[in-house]
Amino acid sequence: MNVRTAACFALLGLVPCLPGCGGGGSDTGLRNKNPGDNDVNVVAAFGDSLTQGSECACTPYPERLAGLIGKSVVNVGVAGTMAVENVERTQAAIDRFRPGFMLILYGANDVIHGYGPTAISDALAQMLQICKDSHVVPVLATYPEPILDHAGFTAQILQLNVRIRSLASSQGVRCVDLEKEFGAEPELYQADGLHPSDAGTQIMAMAFADLF
């Protein structure tokens, strides 16, 4: 088990571990200095089944996150959806919930359905721009490395994660590196090797919590 994951287990439920794409967390908590009509006490968790939590008989990460940061975390994950087909849903979620922040974890289903990293990162870039135009502070996240039944998609997911890190850096947004947080540790996954287990869901919540 890597150092980050071991520390998370040691402090489970007490102190969140440091996230970050390629450099750890920041000493400065995430802030929205110009929220407009949005509520800085509302966070939207945007993505697919890893966000919705539909594949685990456990508490989804957004609900766990709410308990860690003292904010309302709205779960707008939809199982089976792809980034390339959900750019417009970004604005719909913002209009409905008026979040001050949006956590974006998207792209695995795109990979599974044959989309390349360029098309996926272009969709993610559009999501980021919608957030910025709507006075919402966006956050990107990489995917845990697929294992077991989904190991055939590992190379493509890791390539996507490289693009996600690069996009976050170029757009000046924070990035939570779930690939590094999970470290391909089997106990953090369900039997399919893609969706998080109860322990993995907690790791996700703690990693996002460190942003705040």
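As the structure is a prediction and not an experimental result, all values here were calculated from the model.
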Please evaluate residues D110 and L160 with respect to the criterion side-chain contact (heavy atoms from CB on, under 4.5 Å), reporting the C-alpha separation (whole Å), side-chain torsions for both, the decisive distance (0.1 Å), and the verdict. CA-CA 10 Å; D110 302 67; L160 172 62; over 6 Å; no

Run V42 and R98 through side-chain contact (heavy atoms from CB on, under 4.5 Å) and show every step you take. CA-CA 7 Å; V42 175; R98 308 310 310 183; over 6 Å; no

Step by step, would you call R89 with V76 a side-chain contact (heavy atoms from CB on, under 4.5 Å)? CA-CA 9 Å; R89 196 166 71 85; V76 284; 4.2 Å; yes

Are L124 and L128 close enough, and set up right, to give a side-chain contact (heavy atoms from CB on, under 4.5 Å), and what steps lead you there? CA-CA 6 Å; L124 294 175; L128 295 181; 5.5 Å; no

Under the criterion salt bridge (Lys or Arg N to Asp or Glu O under 4.0 Å), I'd like the reasoning laid out for D198 against R64: C-alpha separation, chi angles, the key distance, then a yes or no. CA-CA 11 Å; D198 182 68; R64 295 181 188 265; 2.3 Å; yes

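Scored by the side-chain contact (heavy atoms from CB on, under 4.5 Å) test, A66 finds V73 as partners (sequence neighbours excluded). Considering only residues two or more places apart in sequence or on other chains, Y143 meets the ring pair (Phe, Tyr, Trp, His ring centres under 6.0 Å) condition with none of them.
In this structure, the side chains of I120 and R163 stay at 4.5 Å or more apart for every pair of heavy atoms.
Of all the heavy atoms in I157 and P144, the pair that sits closest is CG2-O, 4.2 Å. Scanning all heavy atoms of the two residues, the minimum distance from S49 to H195 falls at OG-NE2, 2.7 Å. The minimum heavy-atom distance linking A45 with P62 is given by the pair CB-CG, 3.6 Å. The nearest pair of heavy atoms linking P196 to M204 is CG-SD, 3.7 Å. When all heavy atoms of A141 and L178 are compared, the pair lying nearest together is CB-CD1, 4.3 Å. The nearest pair of heavy atoms linking G107 to A83 is N-CB, 4.4 Å.
In this structure, the side chain of T90 engages the main chain of V87 through a donor-acceptor pair within 3.5 Å. Of the possible donor and acceptor atoms, one in the side chain of N109 sits under 3.5 Å from a partner among the backbone N and O of T81. With hydrogens and angles ignored, the 3.5 Å screen pairs no side-chain donor or acceptor of N75 with any backbone N or O of E63. A distance-only check finds no donor-acceptor pair linking the side chain of E145 to the backbone of A184 [under 3.5 Å]. Using a distance-only test at 3.5 Å, with no hydrogens or angles considered, no donor-acceptor pair links the side chain of S197 to the main chain of Q190. Distance alone, capped at 3.5 Å, is enough to place a donor-acceptor pair between the S170 side chain and the L167 backbone. The backbone N or O of H135 sits less than 3.5 Å from a side-chain atom of N32, completing a donor-acceptor pair.
L105 and V162 fall into different hydrophobic clusters, defined by Ile, Leu, Val, Met, Phe, Trp and Tyr side-chain heavy atoms under 4.5 Å apart, directly or through other members. In this structure, L158 is not a member of the same hydrophobic cluster as V176, with clusters built from ILVMFWY side-chain heavy atoms closer than 4.5 Å. Cluster annotation: F153 and I164 are assigned to the same hydrophobic cluster (Ile/Leu/Val/Met/Phe/Trp/Tyr, side-chain heavy-atom contacts under 4.5 Å, transitive). The hydrophobic clustering, which links ILVMFWY residues whose side-chain heavy atoms are closer than 4.5 Å, places F212 and F97 together. In this structure, V78 is not a member of the same hydrophobic cluster as L65, with clusters built from ILVMFWY side-chain heavy atoms closer than 4.5 Å.
Expressed to the nearest 0.5 Å, how far CG of L140 lies from CD of Q171 amounts to 8.5 Å. From C131, atom SG reaches atom CD of Q91 across 8.5 Å, with rounding to the nearest 0.5 Å. From I112, atom CD1 reaches atom CE of M82 across 10.5 Å, with rounding to the nearest 0.5 Å. Atom-to-atom distance recorded for M127:CE and S121:OG is 11.5 Å, nearest 0.5 angstrom.
Within a 6.0 Å radius of CG in D95, more than 12 heavy atoms belonging to other residues, nucleotides or ligands are found.
Between R165 and D177, at least one side-chain N (NZ, or NE/NH1/NH2) sits under 4.0 Å from a carboxylate O, which counts as a salt bridge.
Pairs engaging residues 150-162 under the side chain to side chain donor-acceptor pair (under 3.5 Å) rule: N161-E179 [sequence neighbours left out].
Applying ring pair (Phe, Tyr, Trp, His ring centres under 6.0 Å) to F208 and the options F101, F46, Y61 leaves one that passes, Y61.
Side-chain atoms of Y106 and T51 form no donor-acceptor pair, as typed in the model, at a separation below 3.5 Å.
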